[in-house]
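Chain letters run A, B, ... following the sequence lines, proteins first and then strands; every chain starts at 1.
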Amino acid sequence: MKENTIFDEIYQVVRLVPAGRVTTYGAIAAYLGKKSGARLVGWAMNACHADASIPAHRVVNSTGLLSGKHFFGGDTMERLLAAEGVMVKNDKVVDFKKHLWIPAEELL
DNA sequence: AGCGTGACGTGTA
DNA sequence: GTACACGCCACGC
């Protein structure tokens, strides 16, 4: 490891996300020190296909919308979330704020 | 070395 | 409340 790349940094944080919780691209970016690096997180997630150990399905946008569910292959993302206790309605996380997990706050 | 793109976020109209 | 535009960092060509 010790790639020291933004990708790995993001991967580590995403892997720290507990089951039944979801985080946002902005939260991860903020934790890494990137204020508006949300796009970078999305980019890293795109490469997450190389790491099946990364629960990218727990990462949603600030509106709680499963932006990447389309990339997972249909209902895979919402199904994984539902299996962990996170209900998804209309591609959006139910009680999103309640399930929201922010590294900068929880890992504080 | 420069331009375009991207699973986003925030602000303004 | 919805729609549009700009900004951010990193990667691909």
Side-chain angles (χ1 to χ4, degrees):
Chain A
M1 322 156 50
K2 82 198 209 44
E3 308 295 312
N4 284 346
T5 55
I6 189 70
F7 280 44
D8 271 344
E9 302 269 348
I10 294 168
Y11 295 153
Q12 310 256 352
V13 177
V14 175
R15 278 194 252 191
L16 292 174
V17 178
R21 289 287 190 280
V22 293
T23 187
T24 69
Y25 301 95
I28 297 171
Y31 178 71
L32 297 177
K34 276 65 174 177
K35 289 188 296 203
S36 300
R39 307 186 106 171
L40 309 188
V41 179
W43 204 283
M45 293 288 99
N46 224 323
C48 94
H49 272 251
D51 284 297
S53 305
I54 302 177
H57 60 273
R58 293 184 191 148
V59 184
V60 298
N61 66 6
S62 52
T63 62
L65 179 69
L66 305 183
S67 9
K69 94 149 220 160
H70 189 69
F71 282 63
F72 271 73
D75 60 337
T76 303
M77 189 169 185
E78 58 186 86
R79 194 203 303 185
L80 289 168
L81 289 171
E84 296 186 342
V86 180
M87 292 179 237
V88 178
K89 188 72 168 186
N90 196 19
D91 298 348
K92 285 179 291 222
V93 177
V94 179
D95 294 322
F96 166 61
K97 300 189 304 183
K98 186 183 295 183
H99 293 294
L100 181 58
W101 181 87
I102 302 173
E105 297 291 316
E106 302 296 320
L107 299 178
L108 182 59

Quiz prompt | Between C1' of dC9(C) and CD of E9(A), the distance in whole Å | solution = 14 Å
Practice problem: Indicate, with a heavy-atom threshold strictly under 4.0 Å, whether G37(A) touches base, sugar-phosphate, or nothing. | Solution: nothing
Quiz item: For the pair made of CZ in F96(A) and P in dC8(B), what is the distance, rounded to whole Å?
Solution: 13 Å
Practice problem: Kindly determine whether I28(A) and E9(A) satisfy side chain to side chain contact (heavy atoms under 4.5 Å, CB included), including the steps that lead there. | Solution: CA-CA 9 Å; I28(A) 297 171; E9(A) 302 269 348; over 6 Å; no
Exercise. Look at all strands and tell whether N46(A) reaches a base, only sugar-phosphate, or nothing, counting heavy atoms closer than 4.0 Å.
Key: base
Quiz item: Just to confirm, is there a sub-4.0 Å distance from OP1 or OP2 of dG9(B) to any side-chain nitrogen or oxygen of S62(A)?
Solution: yes
Exercise. Would you kindly give the CG-to-C1' distance between L40(A) and dC11(C), to the nearest whole Å?
Key: 10 Å
Practice problem: Tell me the partner of dG9(B), counting only Watson-Crick (N1-N3 plus N6-O4 or O6-N4) or G-U wobble (N1-O2 and O6-N3) with both under 3.5 Å; none if nothing fits. | Solution: dC6(C)
Quiz item: Quick check: does any side chain N or O of S67(A) sit under 3.5 Å from a backbone N or O of L65(A), one acting as donor and the other as acceptor?
Solution: yes
Quiz item: Given dT5(B), dC9(C), dA7(B), which nucleotide is nearest the side-chain atoms of W43(A)?
Solution: dT5(B)
Quiz item: Any donor and acceptor pair, going by atom type alone, linking the side chain of Y11(A) with main-chain N or O of A44(A) inside 3.5 Å?
Solution: yes
Quiz item: Is there a donor and acceptor pair closer than 3.5 Å between the side chain of R39(A) and the base of dG9(B)?
Solution: no
Quiz prompt | Interatomic distance where OH belongs to Y31(A) and P belongs to dC9(C) [whole Å] | solution = 20 Å
Self-check item: Salt bridge present between R21(A) and E106(A) (N-O < 4.0 angstrom)
Solution: no
Quiz prompt | Atom-pair distance (CD1 on I28(A); C1' on dG6(B)), nearest Å | solution = 16 Å
Self-check item: Spacing between L65(A) atom CG and dT2(C) atom C1', to the nearest angstrom
Solution: 16 Å
Practice problem: Give S67(A) one of three labels, base, sugar-phosphate or nothing, depending on what nucleic acid heavy atoms sit under 4.0 Å from its own. | Solution: sugar-phosphate
Quiz prompt | Between C1' of dA10(C) and CE of M45(A), the distance in whole Å | solution = 14 Å
Quiz item: Checking all strands, does F7(A) fall into the base, sugar-phosphate, or nothing category for heavy-atom contacts under 4.0 angstrom?
Solution: sugar-phosphate
Quiz item: Just how far, in rounded Å, is C1' of dC9(C) from CG of L32(A)?
Solution: 11 Å
Quiz item: Of K89(A), H57(A), K92(A), K69(A), which meets side-chain hydrogen bond (donor to acceptor under 3.5 Å, both in side chains) against E78(A)?
Solution: K69(A)
Practice problem: Name the nucleic acid region contacted by A56(A), choosing base, sugar-phosphate or nothing; use a 4.0 angstrom heavy-atom cut-off, strictly under. | Solution: base
